[in-house]
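Accompanying notes for the structure given below.
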Amino acid sequence: MSELTLTIIRLGLLVLLWIFVFSVVGVLRGDIYGTRVVSRTPRKPTPPKRQPARAAAPTATPAPAPAPKGRSRGRQPSAPRTLVVTQGALTGTSLPLREAGTVIGRNPECALVLDDDFASGRHARIFSRDGAWFVEDLGSTNGTFLGMERLTGPVRVEVGTTMRIGKTVIELRK
């Protein structure tokens, strides 16, 4: 082999080595400094503003609220309004449910960020459809459980339902 060929091979290997070193440093830098931590403490609800009472206006008793359309007038199941972590690293944490949906997982962009090694980045979602609440697994590795059953699709949930994601147990409350 000629001296020129050996020099070109040596320089090529040196360039590849430096590319590898810079890519490793870039990944480590991204892991250490690239993740933005977002505080997920729920805000306290503000009390409603009160209108000043008018002296001349007669007081009237409020009319009963009309029944929602499409439901019977019998006993209606109460809809959950809050998620409460009952077991796991975040025990005692509560979060109000949002009509648009509440995503649970390890990703800092989730509404409820779990500190659980068995939770996926975007693990499960709780959402409202046609006045009822549903929970669905978002393709997590370890699954989402209602009681002892693993979710395979969206399932309707009521107040008192408990979900398990890894070591974390979440209860739906009113």
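Since the structure is predicted, the reported quantities are computational estimates derived from the model, not experimental observations.
Residue F20 belongs to a hydrophobic cluster whose other members are V24, L28, with links defined by side-chain heavy atoms closer than 4.5 Å. Counting Ile, Leu, Val, Met, Phe, Trp and Tyr side chains that sit under 4.5 Å apart, directly or through other members, L13 shares a hydrophobic cluster with M1, L6, I9. In the hydrophobic clustering (ILVMFWY side chains linked at under 4.5 Å, chained through shared members), I8 is joined by L4.
Residues V84 and V169 do not share a hydrophobic cluster, defined by chaining ILVMFWY side chains whose heavy atoms lie under 4.5 Å apart. Grouping the Ile, Leu, Val, Met, Phe, Trp and Tyr side chains by contacts below 4.5 angstrom, directly or via other members, places M163 with L151. The hydrophobic clustering, which links ILVMFWY residues whose side-chain heavy atoms are closer than 4.5 Å, places L146 and L112 together. Residues L17 and L11 are members of separate hydrophobic clusters, defined by side-chain heavy-atom contacts under 4.5 angstrom among Ile, Leu, Val, Met, Phe, Trp and Tyr.
Counting only residues at least two apart or on different chains, no side chain to side chain donor-acceptor pair (under 3.5 Å) pair has a member in residues 80-91. Within the structure, salt bridge (Lys or Arg N to Asp or Glu O under 4.0 Å) pairs that include any residue of residues 161-173 comprise E171-R173 (at least two apart or interchain). Residue pairs meeting the ring-ring contact (aromatic ring centres under 6.0 Å, His included) criterion with at least one member in residues 132-152, sequence neighbours excluded, are F127-F134. The stretch residues 142-153 participates, sequence neighbours left out, in these side chain to side chain donor-acceptor pair (under 3.5 Å) pairs: H123-T144, D137-T144.
The distance from atom CG of D115 to atom OG1 of T93, rounded to the nearest 0.5 Å, is 10.5 Å. Here the CG atom belonging to L83 is positioned 10.0 Å from the CZ atom belonging to R98, to the nearest 0.5 angstrom. Here the straight-line distance linking atom CD1 of I170 with atom OG1 of T161 works out to 12.0 Å at 0.5 Å rounding.
Listed here is the closest heavy atom pair of A124 and I165: CB-CD1, 4.1 Å. Of all heavy-atom pairs between T102 and P96, the closest is OG1-O, 4.4 Å. Here the shortest heavy-atom pairing between R106 and A119 reads CD-O, 2.7 Å.
You'll find the side chain of L172 stays beyond 4.5 Å of the side chain of V135, heavy atoms only. Considering only heavy atoms from C-beta on, L138 comes within 4.5 Å of V103 through its side chain. Inter-residue side-chain proximity for I104 and C110 is flagged as unmet; no heavy-atom pair is nearer than 4.5 Å. Taking the side chain as every heavy atom from C-beta outward, L90 and T168 never approach each other to under 4.5 Å.
Scored by the salt bridge (charged side-chain N to carboxylate O under 4.0 Å, His left out) test, R125 finds E136 as partners (sequence neighbours excluded). Not counting sequence neighbours, the partners of F22 by the ring pair (Phe, Tyr, Trp, His ring centres under 6.0 Å) test are W18. Take E99 and apply the side-chain hydrogen bond (donor to acceptor under 3.5 Å, both in side chains) test, not counting sequence neighbours, and it matches S128. With sequence neighbours excluded, the residues satisfying side chain to side chain contact (heavy atoms under 4.5 Å, CB included) with V15 are I19. S2 pairs by the side-chain hydrogen bond (donor to acceptor under 3.5 Å, both in side chains) definition with T5, not counting sequence neighbours.
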